[in-house]
2 protein chains.
Amino acid sequence: MPTDKNIDLTISDGHASAPPKAAKKILDVAYDLFYRRGIRAIGVDEIVKRAGVTKPSLYRSFPSKDELAASYLRQYDLEYWERFDEAVAAHPGDPRAQIKAFLTRIGKRTQVADYRGCGMTNAAVEYPDHSHPARVVSEANKQELRRRLRAMAVAMGAQDPDTLGDGLLLLIEGAYISGQLFGLGGPAKAVARNADLLIEASLKK
Amino acid sequence: MPTDKNIDLTISDGHASAPPKAAKKILDVAYDLFYRRGIRAIGVDEIVKRAGVTKPSLYRSFPSKDELAASYLRQYDLEYWERFDEAVAAHPGDPRAQIKAFLTRIGKRTQVADYRGCGMTNAAVEYPDHSHPARVVSEANKQELRRRLRAMAVAMGAQDPDTLGDGLLLLIEGAYISGQLFGLGGPAKAVARNADLLIEASLKK
DNA sequence: AGGTATACGTACCGATCGGTAACATTGTCA
DNA sequence: TGACAATGTTACCGATCGGTACGTATACCT
């Protein structure tokens with residue numbers, strides 16, 4: 001989808017909105033390559049080559065490879081909450097159904113060959129240093145996920161909402177990881193079912 | 001298939017004579033560095049420097065960096081099942097208590113600063129290629145984990161043992177990942193409690 | 001048209017990557 | 001003491017890493 005609505009490609013550089021065409025191509029290619037093969041595994045040379053541009057173009061739009069990786073994750077973040085909000089919007093006022101819809105979708109996505117899990121999670125694994133630009137974006141995304149899940153656990157009427165919210169997060173992260181570990185037929189396809197069992201067991205009686 | 005290797009190094013052929021002393025130092029250092037900072041992030045130069053040896057020594061004991069990484073994971077595998085078997089041995093004939101003990105231990109391990117999760121999981125994230133030597137070890141470890149968890153779910157008398165076993169695996173992987181994502185106070189500390197809730201909800205009534 | 005700001009390309013940098021050749025030194029055990 | 005395997009030493013390889021100096025083309029605004 002051409003989601004080119006006000007993508008901020010400038011990296012807090014101060015110089016106002018100048019949208020170079022090359023920057024979008026670079027970010028699109030970097031997105032694909034970083035996600036599928038990993039950030040550390042991809043060099044800037046391959047990115048510019050596949051994008052049909054040259055290296056100076058990359059460094060005019062992005063201060064560094066690390067910041068390009070952070071931009072990739074910011075884009076990923078946008079699309080992530082889009083998917084999340086779709087599941088929420090599909091079941092207004094019914095958080096349990098929202099969770100189930102979101103997890104069913106995740107479970108389905110994991111059941112394709114060469115599934116690569118969550119770009120946020122993967123980036124955090126690649127960069128243990130908490131101060132790395134990519135990891136900063138990743139951690140913020142996960143904090144927000146935790147916040148939402150706990151809030152939904154409250155809305156579901158859980159006995160211990162924080163525990164249930166965290167339990168759902170563990171199942172989700174487990175699905176991302178085991179999806180790329182096991183491939184088709186892996187445990188991730190059972191994520192929605194297990195989440196529903198866990199929810200049922202966590203509600204006030 | 002790899003074409004013929006000209007070197008006839010019999011890999012770990014168990015010739016019972018003296019194992020090289022440098023190899024152990026190298027593997028110990030590589031273990032620590034690979035686990036804490038990631039395999040791709042560590043160069044062979046840093047390994048030999050910290051080990052107090054030289055690069056040729058590394059390549060006399062290990063055919064390549066990739067194989068050194070695989071050796072690291074094989075060592076990790078050994079210690080992993082040691083921990084697992086300890087939890088099992090602590091509660092003979094009581095698979096539910098075994099799981100609880102194992103997960104309590106995981107939950108506790110995740111609650112230290114700079115926790116880095118599971119070396120197997122991390123390696124798989126770093127190397128999406130299924131043919132990579134490190135990933136081969138990692139995937140075998142995870143397959144075995146899945147097998148054991150499903151078997152324990154059977155022993156627990158679950159209504160749907162495969163689903164419960166997979167649910168436990170999702171929680172475990174989620175704990176590994178969120179442990180390194182959130183640090184202290186993260187969702188991973190709730191893994192044992194959520195697992196127990198899930199087990200309770202999955203037993204035959 | 002002309003000037004000017006902006007985007008882009010060519011060519012290059014030093015550092016580091018994984019890995020090796022050739023030879024000197026050590027430790028061990030018969 | 002001799003033999004032999006393990007390790008150290010030094011220097012090197014081609015490839016790739018992230019990043020840049022500097023000149024050229026293109027678009028826009030009078």
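Each chain gets a letter, A, B and so on, in the order the sequences are listed, and its residues count up from 1. Only this structure's heavy atoms are used, side chains among them; waters, hydrogens and symmetry mates stay out.
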Pairs involving residues 186-198 of chain B, ordered by first then second residue, that meet side-chain hydrogen bond (donor to acceptor under 3.5 Å, both in side chains) (sequence neighbours left out)
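Every side-chain hydrogen bond (donor to acceptor under 3.5 Å, both in side chains) pair that includes a residue of residues 186-198 of chain B, provided the two are not neighbours, is Arg96(B)-Asp196(B).
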To the nearest angstrom, how far is [X] atom [atom1] from [N] atom [atom2]?
X	N	atom1	atom2	answer
Lys21(A)	dA25(D)	NZ	C1'	12 Å
Glu46(B)	dC17(C)	CD	P	8 Å
Lys24(A)	dA7(C)	NZ	P	17 Å
Phe62(A)	dT20(D)	CZ	C1'	18 Å
Asp66(B)	dG18(C)	CG	P	9 Å
Ile26(A)	dG18(D)	CD1	P	14 Å
Ile47(A)	dT16(D)	CD1	C1'	14 Å
Lys65(A)	dT20(D)	NZ	P	15 Å

Phe84(A): partners by ring-ring contact (aromatic ring centres under 6.0 Å, His included), with sequence neighbours left out
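ring-ring contact (aromatic ring centres under 6.0 Å, His included) list for Phe84(A), sorted by chain: Trp81(A), Phe102(A).
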What pairs with Asp85(B) under salt bridge (Lys or Arg N to Asp or Glu O under 4.0 Å), at least two apart in sequence or on another chain?
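Here the qualifying residues are Arg148(B).
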Using 0.5 Å steps for rounding, measure from the CD1 atom of Ile177(B) to the CD1 atom of Ile177(A).
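That separation rounds to 3.5 Å.
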Pairs satisfying salt bridge (charged side-chain N to carboxylate O under 4.0 Å, His left out), at least one member in residues 107-133 of chain B, at least two apart:
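Pairs touching residues 107-133 of chain B that pass the test: none.
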Which part of the nucleic acid does Ile42(A) contact within heavy-atom distance under 4.0 Å: base, sugar-phosphate only, or nothing?
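Sugar-phosphate only.
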What nitrogen or oxygen pairs link the protein and nucleotides 9-12 of chain C at under 3.5 Å?
{"from": "dG9(C)", "atom 1": "OP2", "to": "Thr54(A)", "atom 2": "N", "distance (Å)": "3.3"}
{"from": "dG9(C)", "atom 1": "OP2", "to": "Thr54(A)", "atom 2": "OG1", "distance (Å)": "2.9"}
{"from": "dG9(C)", "atom 1": "O6", "to": "Arg60(A)", "atom 2": "NH2", "distance (Å)": "2.5"}

Can you tell me if Lys65(A) uses its side chain to pair, donor with acceptor, with the backbone of Ile42(A) under 3.5 Å?
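Judged by distance alone, yes, a pair lies under 3.5 Å.
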Using only side-chain N and O atoms of Tyr59(B), determine if any of them is under 4.0 Å from OP1 or OP2 of dG19(C).
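Yes, because at least one side-chain N or O of Tyr59(B) sits under 4.0 Å from OP1 or OP2 of dG19(C).
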Tell me yes or no: between the side chains of Lys142(B) and Thr121(B), is some donor less than 3.5 Å from an acceptor?
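On atom types as modelled, these side chains qualify, holding a pair under 3.5 Å.
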If you measure only the distance, is there a donor-acceptor pair under 3.5 Å linking the side chains of Glu79(B) and Gln75(B)?
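Present: a donor and an acceptor within the cut-off.
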Quick one, which residues of residues 125-138 of chain B touch DNA chain D with a heavy atom under 4.0 Å?
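Of all residues in residues 125-138 of chain B, none places a heavy atom under 4.0 Å from DNA chain D.
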Aromatic plane relationship, Tyr127(A) with His132(A) - under 30° parallel, 30 to 60° tilted, over 60° perpendicular:
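Ring orientation, 0 to 90° scale: parallel.
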